[in-house]
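To keep things clear, I will list the structure first and then write my remarks on it.
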Amino acid sequence: MNGTASGAAADEMGYAMSRLEIESDLCDGGKSIHEANNNQGSNKPLNYLDNEIAQVTRLRSEPHERLSQAVPGRRELPVSTVKMLAGRECNYSGRGRFSSADCCHVLSRYLPVNGPWLVDQMNSRAYVSQFSADGSLFVAGFQGGHIRIYNVDQGWKVQKNILAKSLRWTVTDTSLSPDQRYLVYASMSPIVHIVNVRSAEVESLANITEIHEGLDFSSDDDGGSFGIFSVKFSTDGREVVAGSNDDSIYVYDLEANKLSLRIPAHTSDVNTVCFADETGNLIYSGSDDTFCKVWDRRCLAAKDKSVGVLMGHLEGITFIDSRGDGRYFISNGKDQTIKLWDIRRMSPNTTCSPSFGSYEWDYRWMDYPPQARDMKHPSDRSVATYRGHSVLRTLIRCYFSPAYSTGQKYIYTGSHNSCVYIYDLVSGAQVATLKHHKSPVRDCSWHPNYPMLVSSSWDGDIVKWEFPGGGEPPSSSNKRVRRRHF
């Protein structure tokens with residue numbers, strides 16, 4: 001999709017301009033970005049992100065120079081698929097084939113905006129939905145206690161239907177092991193349960209058809225009364241890291257079958273944790289105290305402190321997604337923004353100022369104060385800020401688009417207003433808005449290899465979106481009929 005589409009087409013596809021705020025020292029000439037109206041065509045120019053991550057993103061997603069050369073010394077982007085194929089046949093690149101960047105340039109133009117097709121429908125709010133690392137499985141968790149694992153390669157057949165054990169409030173998070181053999185699920189309880197995904201039983205009822213082994217994250221000094229918001233397997237599958245509402249980060253050793261580490265990490269709920277890269281040495285955490293923190297496992301035994309703090313959000317942080325390179329990550333915040341971070345810009349703990357809350361409000365039942373939308377943290381260390389979606393009522397999640405098919409050139413997120421938003425990482429343009437649901441979209445997931453995105457909502461629907469031309473859109477007879485309202 002290119003930027004020359006007419007205003008009508010732009011409105012139809014949900015194109016809009018987000019407000020991309022960039023630190024003055026990272027922007028050409030220190031110019032600030034302006035804001036354009038949503039769902040309208042605009043001739044106003046965008047300030048593009050001038051940072052190392054922008055250059056890396058271009059290298060990963062732009063075609064060979066000879067394929068994109070319009071006239072000597074001038075590049076023309078995007079390059080049509082026909083021209084790319086012709087250039088490959090003529091061996092313009094000198095390699096005789098597409099590079100990974102060439103493939104990304106072709107695939108990233110086909111955004112998953114066609115549809116949606118109904119995958120499943122439950123009489124319960126959907127809280128979690130994620131593809132496995134290879135895209136062969138899809139996991140969805142619901143407030144009613146059901147966790148369904150679908151076999152994507154076999155027509156979305158339900159491979160495992162898990163009924164959660166000792167559920168408190170909802171399934172807050174799930175995580176598949178790297179070998180896709182085990183799944184852990186958490187709720188508002190210190191006990192995380194683990195299930196064998198590869199067993200023959202389809203109906204997995206705790207301690208009836210299968211054993212759901214409990215991993216006790218409580219310790220002698222915490223009283224054992226807390227809930228877990230976020231849980232992730234380590235890249236080697238030997239440990240599980242969790243964030244809880246007792247302001248702590250926990251690490252559980254699966255081989256030793258015991259809690260190996262508890263970190264009093266923040267001054268409020270730890271809503272999200274994740275590993276920075278494949279080494280498993282660095283952990284990112286985000287909290288309602290508005291701070292993102294970076295933890296080095298190799299230093300914790302000595303000083304039990306984070307190696308740095310990243311300030312910039314005005315309100316609590318709902319989710320963090322790592323780019324996987326140990327440097328960059330994004331965070332979703334209750335200040336209605338996504339922020340892009342470079343951990344090399346973090347501040348030491350000694351300079352960590354108190355959280356800079358804007359107004360007294362509660363995102364669980366109140367709208368964000370309009371007068372707070374233009375406020376900025378005085379010590380903002382973020383690289384860029386993306387606006388347009390809404391983060392209310394629940395811990396809404398955001399992600400980088402897949403490296404294989406897009407070169408991670410997009411950011412996408414659920415939203416309280418029932419939509420999925422896709423932003424261009426470098427320009428900040430809101431390139432697509434997916435509209436179907438009738439309730440908040442808490443989670444969504446982009447297939448790691450194909451232009452397919454699945455969204456899940458509090459309306460109980462799990463739906464998939466594909467690229468235009470990937471199939472005929474559902475006919476009116478296949479449209480779902482709204483039978484209930486939460």
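The first residue of the sequence shown is numbered 1, and numbering continues consecutively from there.
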Inter-residue atom distance [X].[atom1] - [Y].[atom2], 0.5 Å rounding:
X      : Y      : atom1 : atom2 : result
Ile422 : Cys444 : CD1   : SG    : 8.5 Å
Asp321 : Ile411 : CG    : CD1   : 9.0 Å
Ile53  : Arg327 : CD1   : CZ    : 10.5 Å
Leu282 : Ser306 : CG    : OG    : 11.5 Å
Ser244 : Met188 : OG    : CE    : 9.0 Å
Met311 : Met346 : CE    : CE    : 12.0 Å

For the backbone of [Y] and the side chain of [X], can you confirm whether one donor and one acceptor N or O come within less than 3.5 Å of each other?
X      : Y      : result
Gln336 : Val391 : yes
Ser382 : Leu340 : no
Ser457 : Ser439 : yes
Ser287 : Asp269 : yes
Asp289 : Thr267 : yes
Lys293 : Ala265 : yes
Thr172 : Ile228 : yes
Thr318 : Leu395 : no

*Passes side chain to side chain donor-acceptor pair (under 3.5 Å), Thr413 versus Asn332? Steps please.*
CA-CA 8 Å; Thr413 178; Asn332 226 351; 3.1 Å; yes
Check whether the side chains of [X] and [Y] place a donor and an acceptor atom closer than 3.5 Å, and report yes or no.
X      : Y      : answer
Arg442 : Thr394 : yes
Asp335 : His377 : no
Lys160 : Ser204 : no
Gln180 : Ser132 : yes
Tyr421 : Asn417 : yes
Tyr150 : Asp120 : yes
Gln408 : Arg60  : yes
Ser415 : Ser390 : yes
Tyr412 : Arg397 : no
Asp296 : Asn281 : no
Arg262 : Ser248 : yes
Trp295 : Ser285 : yes
Trp361 : Glu315 : yes
Asn161 : Glu203 : yes
Asp461 : His436 : yes

_Quick check: Tyr410 with Tyr423 (ring centres under 6.0 Å apart)?_
no
Does atom [atom1] ([X]) have a neighbourhood of more than 12 heavy atoms from anything else shown, all under 6.0 Å?
X      : atom1 : value
Arg393 : CZ    : yes
Arg198 : CZ    : yes
Glu278 : CD    : no

Tell me, do [X] and [Y] make a side-chain contact under 4.5 Å, heavy atoms counted?
X      : Y      : result
Ile330 : Phe319 : no
Tyr110 : Glu466 : no
Ile147 : Val171 : yes

_Within residues 398-407 or reaching into it, pairs that qualify as side-chain hydrogen bond (donor to acceptor under 3.5 Å, both in side chains) - sequence neighbours excluded_ = Gln130-Tyr399, Tyr399-Asp443, Ser401-Thr406
Does this structure show an ion pair linking [X] with [Y], if we count only N-O contacts that are shorter than 4.0 Å?
X      : Y      : result
Asp459 : Arg125 : no
Glu213 : Lys165 : no
Asp173 : Lys232 : yes

_Verdict with supporting geometry, Asp342 and Arg381, salt bridge (charged side-chain N to carboxylate O under 4.0 Å, His left out)_ = CA-CA 8 Å; Asp342 182 344; Arg381 305 297 297 169; over 6 Å; no
*Show your reasoning for whether salt bridge (charged side-chain N to carboxylate O under 4.0 Å, His left out) applies to Asp325 and Arg323.*
CA-CA 6 Å; Asp325 55 8; Arg323 194 166 179 268; 3.0 Å; yes
*Residues in side chain to side chain contact (heavy atoms under 4.5 Å, CB included) with Phe233, at least two apart?*
Ser175, Ser177, Pro178, Tyr182, Val184, Ile194, Val240, Leu254
*Taking it one step at a time, do Glu52 and Arg344 satisfy salt bridge (charged side-chain N to carboxylate O under 4.0 Å, His left out)?*
CA-CA 12 Å; Glu52 178 186 304; Arg344 293 169 294 184; 3.4 Å; yes
*Would you list the pairs meeting ring-ring contact (aromatic ring centres under 6.0 Å, His included) in which at least one residue belongs to residues 259-285, sequence neighbours left out?*
Tyr284-Phe329
*Only one of Phe142, Tyr185, Trp458 passes ring pair (Phe, Tyr, Trp, His ring centres under 6.0 Å) with Tyr127; say which it is.*
Trp458
*For the residue pair Trp341 and His313, categorise the inter-ring angle as parallel (less than 30°), tilted (30 to 60°) or perpendicular (more than 60°).*
tilted
*asked:* Apply salt bridge (charged side-chain N to carboxylate O under 4.0 Å, His left out) to residues Arg181 and Asp179 and explain how you reach the verdict.
replied: CA-CA 5 Å; Arg181 184 175 179 181; Asp179 60 3; 5.5 Å; no
*asked:* What verdict does the side chain to side chain donor-acceptor pair (under 3.5 Å) test give for Thr385 and Lys339, after you've listed the backbone C-alpha separation in whole Å, the side-chain angles of each residue and the deciding distance to 0.1 Å?
replied: CA-CA 5 Å; Thr385 302; Lys339 285 187 176 289; 2.7 Å; yes
